[in-house]
**Q** 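Quick one: this structure, given as structure tokens, is what I'll be asking you about.
Numbers here simply count residues along the sequence, with the first being 1. Counting convention: from 1, in listed order, for ligands and their atoms alike.
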Amino acid sequence: MNGGILEGKVTLVTGAGGGIGRATAVVLGQAGAKVLVSDVSTRRGEETADLVRGAGAEAEFFKADVSRAADVEALIATAVKRWGRLDCAHNNAGISGTVVNVADDTEENWDRTLAVDLKGVWLCMKYEIQQMLKQGGGSIVNTASTAGLLGAVRMGAYAAAKHGVVGLTRTAALEYARSNIRVNAICPGVVGTPVILGWFEANERLKKAMIAQEPIGRVGEPQEIGNAVAWLLSDHASFVTGAAIPIDGGMTAQ
Ligand code: NAD
């Protein structure tokens, strides 16, 4: 592929076996990037790598659980071994956790949600930034959520983790701004990933309620999130760092 905004860049997407990560991996490939696809699910991750190759780009799959330091260290080392560097990373793996009020939550749900959604992003950034410092720069986009900017009823652990992602993003952006490493977060609203579309099929009332949160009158397409990530990762966003950008059909403007 020639002439894309990420031409020749070595990129990583975590949680790339799922809706937003998969769509982003394909968009990055279409934009000219080499893509290291990662997920805890080998089957879904390999499917995504095939889709990226189908889009004409180089892709590899590496299985990693982002909540485990050894997995994440090996993941970043894989990019360097395969392509010699890591220019861009989309730290996107996440789980929603149990849907429950704060006082009814369990320690197990709290620990697991924070481990994947917040510690996972920190671990990814830790090893990505170490590599980017060695090579003289890079660009990182973390997936937060509108739940990183607003409260999210019955999703306290998730909202806490996603607010944490925004705080961590801003902090890392400040710490590494002079090292040519940009760090931003995206805050998607309701996105029509296979999981969410499955909920919609099972529950018409939930579908109406979720769409009603979106002033634009529909849910987002995973590719619309991927387009924003590709731009943020690219040199077209060279003056953007420390931002937490809603991609939410106007939800947080209300
Ligand atoms: P998804 O469930 O379709 O995909 C998430 C992927 O992450 C899955 O393939 C899963 O296997 C993987 N994963 C889970 N735990 C992991 C771990 N420990 N290590 C590595 N991979 C792991 O979900 P999605 O909707 O595509 O969500 C992607 C990101 O976007 C998440 O961080 C989510 O919180 C965020 N988000 C989604 C929405 C939405 O409406 N879909 C809105 C806002 C934010």
**Q** Is the contact between I95 and ligand 1 made by the side chain, the backbone, both, or neither, using heavy atoms and a 4.0 Å cut-off?
**A**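 Side chain only.
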**Q** Hey, are the side chains of N91 and V66 touching, using non-hydrogen atoms and a 4.5 Å cut-off?
**A**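 Not touching, per the 4.5 Å side-chain cut-off.
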**Q** Do V27 and Q223 pass the side-chain contact (heavy atoms from CB on, under 4.5 Å) test, and can you show the C-alpha distance, the side-chain angles, and the key distance before you say yes or no?
**A** CA-CA 7 Å; V27 169; Q223 194 189 338; 3.8 Å; yes
**Q** Distance to 0.1 Å, residue and atom name: give those for the protein heavy atom nearest to atom 34 (O) of ligand 1.
**A**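 Ranked first by proximity to atom 34 (O) of ligand 1 is Y158 OH, 2.7 Å.
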**Q** Under 3.5 Å, is there a donor-acceptor pair between the side chain of T169 and the main chain of A185?
**A**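 Such a contact is absent between T169 side chain and A185 backbone.
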**Q** Under 3.5 Å between any N/O of P188 and any N/O of ligand 1: does that happen in this structure?
**A**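 The answer is no, given that P188 and ligand 1 share no N or O pair closer than 3.5 Å.
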**Q** Between S67 and A115 (side chain of the first, backbone of the second, donor and acceptor by atom type, cut-off under 3.5 Å), is there such a pair?
**A**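 No; judged by distance alone, with no hydrogens or angles, the pair does not exist.
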**Q** At what distance, to the nearest 0.5 angstrom, does CE of M251 lie from CG of L150?
**A**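 So the CE of M251 and the CG of L150 are separated by 8.0 Å.
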**Q** If we set the cut-off at 4.0 Å for heavy atoms, which region of R22 has an atom near ligand 1: side chain, backbone, both, or neither?
**A**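 Under 4.0 Å from ligand 1, R22 contributes no heavy atoms.
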**Q** Quick check on R82: does its CZ atom have over 12 non-hydrogen neighbours (other residues, nucleotides or ligands) under 6.0 Å away?
**A**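 Yes.
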**Q** Under 4.0 Å between a Lys/Arg side-chain N and an Asp/Glu carboxylate O for K81 and E60?
**A**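 No salt bridge links K81 with E60.
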**Q** Considering non-hydrogen atoms of the protein only, which is the closest contact for atom 27 (O) of ligand 1, and what is the distance?
**A**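 Minimum-distance protein heavy atom for atom 27 (O) of ligand 1 reads I20 CD1, 4.3 Å.
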**Q** If you measure every N/O of V66 against every N/O of ligand 1, is any gap under 3.5 Å?
**A**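 So ligand 1 has an N or O lying under 3.5 Å from an N or O of V66.
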**Q** To the nearest 0.5 Å, what is the distance between CH2 (W83) and OG1 (T11)?
**A**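 Separation between the atoms: 7.5 Å.
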**Q** State the CH2-CG distance between W122 and L114, to the nearest 0.5 angstrom.
**A**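 So the gap between those two atoms works out to 13.5 Å.
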**Q** Give a yes/no on ligand 1: does A144 have at least one heavy atom closer than 4.0 angstrom to it?
**A**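 In this structure, A144 qualifies as a contact of ligand 1 - some heavy atom is under 4.0 Å.
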**Q** Within the distance-only criterion (no hydrogens, no angle test), does the side chain of N184 pair as donor or acceptor with the backbone N or O of L232 below 3.5 angstrom?
**A**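 No; judged by distance alone, with no hydrogens or angles, the pair does not exist.
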**Q** Is the shortest distance from a heavy atom of T14 to ligand 1 less than 4.0 Å?
**A**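 No.
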**Q** If you have a sec, work out which protein heavy atom is nearest atom 18 (N) of ligand 1 and how many Å separate them, to one decimal?
**A**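 Atom 18 (N) of ligand 1 sits closest to the protein heavy atom D65 OD1, 2.8 Å.
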**Q** Quick check on contacts: which atoms of ligand 1 are under 4.0 angstrom from a heavy atom of V40?
**A**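 Counting from 1, the qualifying ligand atoms are 11 (O), 13 (N), 16 (C), 17 (C), 19 (N), 20 (C), 21 (N), 22 (C).
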**Q** Counting only heavy atoms from other residues, nucleotides and ligands, does the tally under 6.0 Å from CD of E201 exceed 12?
**A**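 Counting neighbours around CD of E201, 12 or fewer heavy atoms of other residues, nucleotides or ligands fall under 6.0 Å, so no.
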**Q** Does G220 have a heavy atom less than 4.0 Å from any atom of ligand 1?
**A**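 No; G220 lies far enough from ligand 1 that no heavy-atom distance drops under 4.0 Å.
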**Q** Given that the side chain starts at C-beta and the backbone is N, CA, C, O, which of these parts of T193 lies under 4.0 Å from ligand 1, counting heavy atoms, or is it both or neither?
**A**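 Near ligand 1, T193 shows its side chain, while the N, CA, C and O stay back.
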**Q** For atom 40 (O) of ligand 1, grab the closest protein heavy atom and report residue, atom and distance to one decimal in Å.
**A**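 Its nearest protein heavy-atom neighbour is V191 N, 2.9 Å.
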**Q** Looking at non-hydrogen atoms alone, which of T143, D248, T113 comes nearest to atom 35 (C) of ligand 1?
**A**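 Looking at heavy atoms only, T143 sits closest to atom 35 (C) of ligand 1.
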**Q** At what distance, to the nearest 0.5 angstrom, does CE of M210 lie from CD of Q213?
**A**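 Between atom CE of M210 and atom CD of Q213 there are 6.0 Å.
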**Q** Quick test of your reading of the model: are R112 and D65 salt-bridged, counting only N-O distances below 4.0 Å?
**A**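 Result for this pair is yes, salt bridge flagged.
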**Q** Does M210 reach ligand 1, in the sense of a heavy atom lying below 4.0 Å from it?
**A**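 No, that is not the case, since the closest heavy atom of the residue is not under 4.0 Å from the ligand.
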**Q** If we only count N/O pairs under 3.5 Å, is R44 in contact with ligand 1?
**A**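 Checking ligand 1 against R44, an N or O pair does fall under 3.5 Å apart.
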**Q** List every atom of ligand 1 that sits less than 4.0 Å from any heavy atom of V190, numbering the atoms from 1 in the order shown and giving each element.
**A**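 By the 4.0 Å cutoff, the relevant atoms are 40 (O).
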**Q** For ligand 1, note which part of I196 has a heavy atom under 4.0 Å away: side chain, backbone, both or neither.
**A**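 Under 4.0 Å from ligand 1, I196 contributes side-chain atoms alone.
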**Q** Ligand 1 versus R112, non-hydrogen atoms closer than 4.0 Å: side chain, backbone, both, neither?
**A**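 Side chain only; the backbone of R112 stays clear of ligand 1.
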**Q** Under 4.0 angstrom from atom 23 (O) of ligand 1, is there any protein heavy atom?
**A**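 Within 4.0 Å of atom 23 (O) of ligand 1, no protein heavy atoms are found.
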**Q** Can you find an N/O atom of G18 closer than 3.5 Å to an N/O atom of ligand 1?
**A**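 For ligand 1, there is an N or O atom that lies under 3.5 Å from one belonging to G18.
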**Q** For the pair E214 and R218, find out whether any cationic side-chain nitrogen is under 4.0 Å from an anionic carboxylate oxygen.
**A**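 No, this pair does not count.
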**Q** With a 4.5 Å cut-off on side-chain heavy atoms, are V219 and I211 touching?
**A**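 SC-SC contact between I211 and V219 confirmed.
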**Q** Looking only at protein heavy atoms, identify the closest one to atom 31 (C) of ligand 1 and say how far it is in Å.
**A**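 I find the closest protein heavy atom is N92 O, 3.3 Å.
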**Q** Heavy atoms only: which of A93, C187, G94, S41 lies closest to atom 5 (C) of ligand 1?
**A**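 It is G94 whose heavy atom sits nearest to atom 5 (C) of ligand 1.
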**Q** List the closest protein heavy-atom neighbour of atom 42 (C) of ligand 1: residue, atom name, distance to the nearest 0.1 Å.
**A**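 Nearest protein contact, heavy atoms only, for atom 42 (C) of ligand 1 is G189 O, 3.0 Å.
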**Q** Nearest to atom 2 (O) of ligand 1, what protein heavy atom do you find, and at what distance?
**A**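 Among all protein heavy atoms, the one nearest atom 2 (O) of ligand 1 is V195 CG2, 4.0 Å.
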**Q** So which heavy atom in the protein is nearest atom 12 (C) of ligand 1, and how far is it from that ligand atom?
**A**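 Atom 12 (C) of ligand 1 sits closest to the protein heavy atom D39 OD2, 3.4 Å.
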**Q** Tell me, please: is A64 in heavy-atom contact with ligand 1, that is, under 4.0 Å?
**A**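 It does; at least one heavy atom falls under 4.0 Å.
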**Q** Is K9 salt-bridged to D235, cutoff N-O under 4.0 Å?
**A**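 Looking at K9 and D235, the cut-off is met.
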**Q** Identify, by atom number and element, the atoms of ligand 1 in contact range of V116, meaning under 4.0 Å from any of its heavy atoms.
**A**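 Atoms satisfying the 4.0 Å criterion: 15 (N), 18 (N).
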**Q** Is it true that K162 lies under 4.0 Å from ligand 1, counting heavy atoms only?
**A**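 Contact present.
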